[in-house]
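Note on naming: letters A, B, ... go to the chains in the order of the sequence lines (proteins, then strands), and numbering restarts at 1 for each one. Given the structure is predicted, the values throughout are model-derived calculations rather than measurements.
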Amino acid sequence: MALQLYDTLTRRMQPLVPQHAGKVGIYVCGPTVYNWIHVGNARQLVVFDTLRRWLARTGYTLTYVQNITDVDDKIIARAQEENLPAEEVAERFLAAFLEDAAHLGVRPPDAMPRATQYIPQMIALIATLIEKGYAYAAGGDVYYRVRRFPEYGKLSGTRIEALASGARILPGEAKENPLDFALWKGAKPGEPSWESPWGAGRPGWHIECSTMSTALLGPTLDIHGGGMDLIFPHHENEIAQSEAAFGAPFARLWMHNGMVTLSGEKMAKSLGNVRTVHELLQRFSGDALRLFLLSAHYRTPLDFDEHSLEQSQAAVRRLKTTVQNLSFAASHAVQGEPAVAEAAKRCIRRLETAVSAALDEDLHTARAIAALFDAVHEANQLLQEGCGAEAAAQLVTALEDTAALLGLEGWAGQTEALPAEVDALVRERAQARMKREWSKADALRSRLSELGWTVEDTPLGPRVRRRA
RNA sequence: GGUGGGAUGGCGAAGUGGCUAACGCAGCGGUCUGCAAAACCGCGAUUCACGGGUUCGAAUCCCGUUCCCACCGCCA
């Protein structure tokens, strides 16, 4: 069974068939860096990062490109508010974005082009569109002539006529038609600008993605992704630009993740109901947030509330505890029952099969997570029955591999070395227990807890871990 | 208005014709333990928004109803 993905354009599941066998070029619309990222942005990052991990695991070589919009109205507005150069605002929030992404276990993209680095290429693309009659300069701006592109609306399933009824031309715009959108915006005083054949100005938002994706991945992308709210007009406009200019399909597969809502309403900066990742990371682990974001299928809406996040935090704890307990068993040279070892192997096979089937079916992370916890449960049963060191080690590897696929990693199961002080207290407590000095043992346990360590008494001896 | 997507136990969330409706969290009872912790065992939706219908059989298909959300200016 090969990977099937839901394609927004054809509105059905499609097998992933890249242009070049074994290689996948993915372009995902990244953030406009004018603010901290919120949970909705995080969902997109985590979903597409998980896609990358799954593709890589199944043997694809990928080129994953995510752009950074670092020149735009909102950045300029913020810069004016704070009386700073726009460049500095962009720089600051780009750094914050990268930090948040790292905490969520999101790997850096292979390329992270920034709009301001591709101005000449954008100008060239706009010039091409003008030459071909798809764009026109007017009043210092350049607009795309939407009516010239008959397929306009194919991605979002809207007809030009339906759109036209609601559209209006704003004062100061010299559009031929209300639906036309800006490719180049003439500079207003005090705004960052670049020279162009049409005068000083800056690029429109949509043109950057057409330009940079083509520069890095060619005119046809294997997968183009983003949030569902970008389908119209952003991605529709990208298609119009790219297909008009290059005469090739812009993307072979369109993936869009669902929105995150807060109390049932879309979380959006413009609605002012955002919860920033930065703020949540003060109180929840990146793993918990990540598991929460993957707990529902990526195309369904996901309602954010802290209670759900707490539940995910608890689930992560269970996973980690099991891996640690298995590691503990693995570090003790115990000979297990052959039957248990066999059961462990079956458990691992089931896990791999189930996860693979789940992710192949439109990246169904919710089912993959369920399979992971099925395996956690089975592993705990085996541990209870007396799991040998070798089988325990195999289970650790299998659980960690699966968790890593979901981006939960870095908390390696191997028992970490104890600080000398902690080790001494653990030994002292073991002595006290041997002498049945319970109150002393309990006092030492409390002391360890204050130092941030949990000690559990098992048939194999004291099991120590960092307090959750 | 146009176009999409939803409604499943206390909460989150799988399941799209047929094993006892996954999995996680929370709760309750039990086992293990000096006490714990972790874990395990057991209990919990006679029912899948509501009303009809198709079928030997439906949460899953059809019709109708109610409610909710997203996109149609910016937004992941």
According to the side-chain hydrogen bond (donor to acceptor under 3.5 Å, both in side chains) rule, which pairs have a member within residues 89-102 of chain A, sequence neighbours left out?
-> A:Glu82-A:Arg92, A:Glu91-A:Arg114

Describe the nucleic acid contact of A:Ala268 in one word from base, sugar-phosphate, nothing, applying a heavy-atom distance below 4.0 Å.
-> base

By ring pair (Phe, Tyr, Trp, His ring centres under 6.0 Å), which residues pair with A:Tyr298, not counting sequence neighbours?
-> none

Residue A:Gln384, side-chain atoms from C-beta onward, closest of B:A13, B:C40, B:C71 | B:C40

Contact class for A:Val455 vs. all strands (heavy atom < 4.0 Å): base, sugar-phosphate, or nothing?
-> base

From B:C35, B:A37, B:C40, pick the nucleotide closest to the side chain of A:Arg445?
-> B:C35

Check each residue of residues 32-40 of chain A for a non-hydrogen atom within less than 4.0 Å of any atom in RNA chain B, then write out the ones that pass by number, or none.
-> A:His38, A:Gly40

Can you list the residues that meet the salt bridge (charged side-chain N to carboxylate O under 4.0 Å, His left out) rule with A:Arg466, with sequence neighbours excluded?
-> A:Glu416

With A:Arg43 via salt bridge (charged side-chain N to carboxylate O under 4.0 Å, His left out) - residues at least two apart | none

Once you round it to whole Å, what is the distance between C1' of B:A70 and CZ of A:Arg43?
-> 12 Å

Between A:Asp70 and A:Thr116, is any side-chain donor less than 3.5 angstrom from a side-chain acceptor?
-> yes

Derivation of the salt bridge (Lys or Arg N to Asp or Glu O under 4.0 Å) call for A:Asp457 and A:Arg429 = CA-CA 11 Å; A:Asp457 302 311; A:Arg429 179 167 175 278; 2.9 Å; yes

Interatomic distance at C1', B:C19 relative to B:A58, whole Å | 16 Å

Using whole Å, report how far CG of A:Leu309 lies from P of B:C11.
-> 18 Å

For A:Arg275, which residues count as a salt bridge (charged side-chain N to carboxylate O under 4.0 Å, His left out) partner, sequence neighbours excluded?
-> A:Glu279, A:Glu306

Any donor-acceptor pair under 3.5 Å linking the side chain of A:Ser210 with the backbone of A:Glu238?
-> yes

Sugar-phosphate, base or nothing in reach of A:Leu230, heavy atoms under 4.0 Å | sugar-phosphate

Under 4.0 Å between a side-chain N/O of A:Asn41 and OP1 or OP2 of B:A76, yes or no?
-> yes

Please work out if A:Asn380 contacts a base, only the sugar-phosphate, or nothing of the nucleic acid, heavy-atom cut-off 4.0 Å.
-> sugar-phosphate

Starting at the 5' end of RNA chain B, which residue's closest nucleotide do you reach first, A:His364 or A:Thr261?
-> A:His364

Inter-nucleotide P distance (B:C35, B:G30), Å rounded = 14 Å

Does A:Asp442 make a side-chain donor-acceptor contact with the base of B:G34, cut-off 3.5 Å?
-> yes

Which part of the nucleic acid does A:His256 contact within heavy-atom distance under 4.0 Å: base, sugar-phosphate only, or nothing?
-> nothing

Mind checking A:Met228 for me? I need base, sugar-phosphate or nothing, with any heavy atom below 4.0 Å counting as a touch.
-> nothing

What residues, two or more places apart in sequence or in another chain, satisfy salt bridge (charged side-chain N to carboxylate O under 4.0 Å, His left out) together with A:Arg148?
-> none

Please list all pairs passing the salt bridge (charged side-chain N to carboxylate O under 4.0 Å, His left out) test where one or both residues lie in residues 374-387 of chain A, with sequence neighbours left out.
-> A:Arg350-A:Glu378

Take A:Glu409 and A:Arg53 through the test salt bridge (Lys or Arg N to Asp or Glu O under 4.0 Å) and record every step on the way to the result.
-> CA-CA 12 Å; A:Glu409 57 187 349; A:Arg53 288 169 186 263; 3.0 Å; yes

Using a 4.0 Å heavy-atom cut-off across all strands, classify A:Val28 as base, sugar-phosphate, or nothing.
-> nothing

Take atom CG of A:Leu383 and atom P of B:C41, then tell me their distance rounded to the nearest Å.
-> 13 Å

B:A38 phosphate, OP1 or OP2: any side-chain N/O from A:Asn325 under 4.0 angstrom?
-> no

Flag for A:Asn41-A:Trp36: side-chain donor and acceptor within less than 3.5 Å = no

Whole-Å distance separating the CD atom of A:Gln324 from the C1' atom of B:A39 | 14 Å

Cation over ring, A:Arg78 on A:Tyr34, under 6.0 Å and within 45°?
-> no

Under 4.0 Å between any heavy atoms, over every strand shown, what does A:Arg11 touch: base, sugar-phosphate, or nothing? Just pick one.
-> sugar-phosphate

Integer-rounded Å distance: B:C32 P and A:Glu385 CD = 17 Å

Measure from the side chain of A:Trp438, starting at C-beta and using heavy atoms only, and say which of B:G34, B:A14, B:A36 lies closest.
-> B:G34

If you take atom types as modelled and just measure distance, does the side chain of A:Lys266 reach the base of B:C69 with a donor-acceptor pair under 3.5 Å?
-> no

Could you check how far CG of A:Asp303 sits from P of B:A7, rounded to whole Å?
-> 14 Å

Could you check how far CZ of A:Arg299 sits from P of B:A13, rounded to whole Å?
-> 16 Å

How is A:Arg429 classified with respect to the nucleic acid when contacts are heavy atoms under 4.0 Å: base, sugar-phosphate, or nothing?
-> base

So, the side chain of A:Asn67 versus the backbone of A:Gly30: is there a donor-acceptor pair under 3.5 Å, distance only?
-> yes

So, with a heavy-atom separation below 4.0 Å from RNA chain B, the residues of residues 66-77 of chain A are A:Lys74

Using a distance-only test with no angle check, is there a side-chain donor-acceptor pair under 3.5 angstrom linking A:Arg290 and A:Thr50?
-> yes

For nucleotides 17-28 of chain B, just jot down a letter per nucleotide in 5' to 3' order: B, S or -, based on protein non-hydrogen atoms under 4.0 Å.
-> -----BSBB---

Answer with base, sugar-phosphate or nothing: what part of the nucleic acid does A:Thr158 contact at a heavy-atom distance below 4.0 Å?
-> nothing

Using heavy atoms to find the nearest nucleotide of RNA chain B for A:Arg463 and A:Pro233 separately, return the residue whose nucleotide is more 5′.
-> A:Arg463

Is any N or O donor-acceptor pair between the side chain of A:Asp457 and the base of B:C35 shorter than 3.5 Å?
-> yes

Considering residues at least two apart in sequence or located in another chain, which fulfil the side chain to side chain contact (heavy atoms under 4.5 Å, CB included) criterion with A:Asp442?
-> A:Arg445

Where do A:His377 and A:Phe373 land on the ring-ring contact (aromatic ring centres under 6.0 Å, His included) test, with the steps shown first?
-> CA-CA 6 Å; A:His377 185 236; A:Phe373 280 95; over 10 Å; no

Atom pair distance, as rounded to whole Å: CG in A:Leu444 and P in B:A36 = 19 Å

Per-nucleotide pairing state of RNA chain B [Watson-Crick or G-U, under 3.5 Å; [ ] pseudoknot-crossing; | other strand] = ((((((((.[[[..)..(....]]].(((((.......))))).....[[[[[..)....]]]]])))))))....

